Chemist: 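Next up is a structure, given as structure tokens.
The basis for the numbers below is simple: all heavy atoms, side chains too, and nothing from hydrogens, waters or symmetry mates. Small disclaimer: the values here were computed from a predicted structure and weren't measured.
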Amino acid sequence: MRVLVVEDEEFLAEMIAEGLRRDALAVDVASDGLEAMEKLRFGAYDVIVLDRDLPGLHGDDVCRHVVEQRLLTRVLMLTAAGTVRDRVAGLGLGADDYLAKPFAYDELLARVLALGRRARPALPPVLERAGIVVDTARRQASRDGRHLHLSRKEFAVLEALLRAEGAVVSGEDLIEQVWEEHTSYRTNAVRVTLSKLRAKLGEPPVVETVPGAGYRIAA
């Protein structure tokens with residue numbers, strides 16, 4: 001899942017971003033509305049965590065852009081103003097959810113994950129294939145009842161492959177879904193992560209390489 005955090009308070013932005021990255025999400029950060037618009041032009045995001053009161057270009061205008069362009073991005077709007085009128089106004093702009101500051105990180109994570117599921121074709125929160133079980137809500141994975149101790153990138157790659165339901169996922173798509181911006185497929189990031197993931201999944205091998213196409217999890 002790719003998330004764009006748009007927040008002008010640097011400390012808060014980094015706190016949110018690092019928390020989401022620890023939970024295996026790919027996160028980019030923008031500090032104002034204009035930078036957010038630029039990132040939305042060139043990147044596809046499942047969720048945007050959008051501060052409403054932004055310098056340069058107001059968060060309301062960023063939200064309107066997402067709606068007018070019919071982007072698949074879901075909008076979680078943040079604001080220090082938490083009255084009913086403010087929530088109604090934010091949702092009226094097209095935001096999918098609304099969270100008043102200060103907030104608990106666990107609640108923000110739960111809302112982001114819920115919105116991310118809505119940005120994609122509906123799938124159950126627990127993904128299963130070939131003896132592998134991934135609980136996307138609890139961020140837990142196992143194979144044949146054996147708990148898997150995965151890094152955040154390994155977990156995210158495994159989730160992406162399971163969501164494909166046996167279809168081939170290209171290396172470029174994995175980069176787009178799992179890694180932050182400016183990560184090139186020419187790096188070894190995908191191959192190294194898949195090598196470590198395969199080792200942790202154990203025998204028999206379950207992640208197949210399809211030459212010239214990408215990767216998939218066999219049935």
Side-chain angles (χ1 to χ4, degrees), residues 1-83 85-120 152-153 156 159-160 172-185 187 189:
M1 187 186 299
R2 287 186 69 85
V3 179
L4 176 61
V5 175
V6 189
E7 170 60 63
D8 63 315
E9 295 181 37
E10 183 178 354
F11 175 78
L12 179 58
E14 287 304 318
M15 182 192 74
I16 294 172
E18 285 307 308
L20 294 176
R21 287 169 184 150
R22 284 195 300 271
D23 283 293
L25 281 67
V27 184
D28 298 331
V29 177
S31 59
D32 58 51
L34 293 174
E35 186 181 1
M37 293 285 278
E38 188 72 6
K39 291 184 183 297
L40 286 168
R41 281 181 58 200
F42 297 104
Y45 297 94
D46 297 293
V47 179
I48 175 172
V49 178
L50 178 65
D51 182 33
R52 191 171 185 187
D53 300 310
L54 292 170
L57 185 69
H58 200 274
D60 288 359
D61 295 314
V62 177
C63 185
R64 288 191 189 96
H65 170 78
V66 171
V67 174
E68 289 170 359
Q69 296 300 311
R70 298 185 179 182
L71 302 181
L72 296 178
T73 305
R74 300 294 183 176
V75 179
L76 172 58
M77 189 170 279
L78 302 180
T79 182
T83 66
R85 177 176 294 180
D86 291 313
R87 292 196 297 273
V88 170
L91 294 170
L93 291 168
D96 297 280
D97 201 356
Y98 200 99
L99 190 58
K101 300 176 182 177
F103 52 82
Y105 171 75
D106 286 347
E107 181 179 3
L108 180 138
L109 173 63
R111 289 173 183 263
V112 167
L113 293 176
L115 290 176
R117 289 193 293 270
R118 289 169 55 189
R120 304 166 182 227
R152 66 188 190 192
K153 293 302 184 191
E159 180 181 349
E172 290 88 345
D173 284 342
L174 287 175
I175 286 287
E176 178 68 24
Q177 294 179 43
V178 175
W179 275 265
E180 287 73 27
E181 61 182 339
H182 308 312
T183 302
S184 170
Y185 180 60
T187 69

Chemist: Set out, in order, the CA-CA distance, both residues' side-chain angles and the distance that settles side-chain contact (heavy atoms from CB on, under 4.5 Å) for D8 and D32, then state yes or no.
Modeler: CA-CA 6 Å; D8 63 315; D32 58 51; 5.8 Å; no
Chemist: Nearest 0.5 Å, please: how far is CG in D51 from CG in L76?
Modeler: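 Output value for this atom pair is 11.0 Å.
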Chemist: If you round to the nearest 0.5 Å, how far is CG of L50 from CZ of R74?
Modeler: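 Rounded to the nearest 0.5 Å, the CZ-CG separation comes to 15.0 Å.
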Chemist: Between the main-chain N or O of Y45 and the side-chain N or O of T73, is there a donor-acceptor pair closer than 3.5 Å?
Modeler: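 Present.
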Chemist: What are the two closest heavy atoms between M1 and G116, and how far apart are they?
Modeler: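 Scanning both residues, the minimum pair turns out to be CE-CA, 3.6 Å.
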Chemist: With sequence neighbours excluded, tell me which residues meet salt bridge (charged side-chain N to carboxylate O under 4.0 Å, His left out) with E9.
Modeler: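 Residues passing salt bridge (charged side-chain N to carboxylate O under 4.0 Å, His left out) with E9: K101.
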Chemist: Excluding sequence neighbours, so at least two apart, what forms side-chain contact (heavy atoms from CB on, under 4.5 Å) with A30?
Modeler: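 Only L4, V6, E35, A36, K39 meet the side-chain contact (heavy atoms from CB on, under 4.5 Å) criterion with A30.
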Chemist: Holding to side chain to side chain donor-acceptor pair (under 3.5 Å), I want the full list of residues that pass it with E14, two or more places apart in sequence or in another chain.
Modeler: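 E14 satisfies side chain to side chain donor-acceptor pair (under 3.5 Å) with no residue once adjacent residues are dropped.
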Chemist: Please name all residues satisfying salt bridge (charged side-chain N to carboxylate O under 4.0 Å, His left out) with R152, sequence neighbours left out, ordered by chain then number.
Modeler: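 For R152 there are no salt bridge (charged side-chain N to carboxylate O under 4.0 Å, His left out) partners, ignoring immediate neighbours.
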Chemist: Which residues pass the side chain to side chain donor-acceptor pair (under 3.5 Å) test with R64, sequence neighbours left out?
Modeler: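 For R64, the residues satisfying side chain to side chain donor-acceptor pair (under 3.5 Å) (neighbours in sequence not counted) are D61.
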Chemist: Could you list the residues that satisfy side chain to side chain donor-acceptor pair (under 3.5 Å) with R41, not counting sequence neighbours?
Modeler: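 Per chain and number, R41 pairs via side chain to side chain donor-acceptor pair (under 3.5 Å) with E38.
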Chemist: Nearest heavy-atom pair of L174 and A160: which atoms, and what distance?
Modeler: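 Of all heavy-atom pairs spanning L174 and A160, the closest is CD2-CB, 3.8 Å.
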Chemist: For D173, give me all partners under salt bridge (charged side-chain N to carboxylate O under 4.0 Å, His left out), at least two apart in sequence or on another chain.
Modeler: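 Applying salt bridge (charged side-chain N to carboxylate O under 4.0 Å, His left out) to D173 gives none.
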Chemist: Might you point out which heavy atoms bring A95 and C63 nearest each other, and give the distance in Å?
Modeler: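 In this case the closest contact between A95 and C63 is N-SG, 3.6 Å.
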Chemist: Give the minimum heavy-atom separation between W179 and A26, together with the two atoms involved.
Modeler: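 The pair with the smallest heavy-atom distance is O-CB, 3.6 Å.
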Chemist: Report the distance from atom CD of E7 to atom CG of L54, rounding to the nearest 0.5 Å.
Modeler: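 These two atoms lie 7.0 Å from each other.
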Chemist: Considering residues at least two apart in sequence or located in another chain, which fulfil the side-chain contact (heavy atoms from CB on, under 4.5 Å) criterion with Q69?
Modeler: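 If we apply the side-chain contact (heavy atoms from CB on, under 4.5 Å) test to Q69, skipping adjacent residues, the hits are H65, L71.
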Chemist: Quick one: does any side-chain atom of R21 pair with a main-chain N or O of V27 as donor and acceptor, under 3.5 Å?
Modeler: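 Yes; judged by distance alone, with no hydrogens or angles, the pair exists.
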Chemist: Taking all atoms of both residues into account, what is the closest heavy-atom pair of A17 and V29, and its distance?
Modeler: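 For A17 and V29, the tightest heavy-atom pair comes out as CB-CG2, 3.7 Å.
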Chemist: Say whether, by atom type as modelled, one donor and one acceptor occur between the side chain of D96 and the main chain of V75 under 3.5 angstrom.
Modeler: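 Yes.
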Chemist: Please report the interatomic distance CE(M77) to CD1(I48), rounded to the nearest 0.5 Å.
Modeler: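 Interatomic distance, M77 CE to I48 CD1, rounded to 0.5 Å: 9.0 Å.
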Chemist: Do R2 and D28 make a side-chain contact, defined as non-hydrogen atoms from C-beta onward lying under 4.5 Å apart?
Modeler: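 The answer is yes, as the side chains (C-beta and beyond) meet within the 4.5 Å cut-off.
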Chemist: Nearest 0.5 Å, please: how far is CD1 in I16 from CG in L78?
Modeler: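 With rounding to 0.5 Å, CG (L78) is 5.5 Å from CD1 (I16).
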Chemist: With a cut-off of 3.5 Å and sequence neighbours excluded, list every side-chain donor-acceptor pair involving residues 104-115.
Modeler:
{"from": "Y105", "atom 1": "OH", "to": "G19", "atom 2": "O", "distance (Å)": "2.8"}
{"from": "Y105", "atom 1": "OH", "to": "L20", "atom 2": "N", "distance (Å)": "3.2"}
{"from": "Y105", "atom 1": "OH", "to": "D23", "atom 2": "OD2", "distance (Å)": "2.9"}
{"from": "E107", "atom 1": "OE2", "to": "R111", "atom 2": "NE", "distance (Å)": "3.0"}
{"from": "E107", "atom 1": "OE2", "to": "R111", "atom 2": "NH2", "distance (Å)": "2.7"}
{"from": "R111", "atom 1": "NH1", "to": "D97", "atom 2": "OD1", "distance (Å)": "2.7"}
{"from": "R111", "atom 1": "NH1", "to": "D97", "atom 2": "OD2", "distance (Å)": "2.9"}

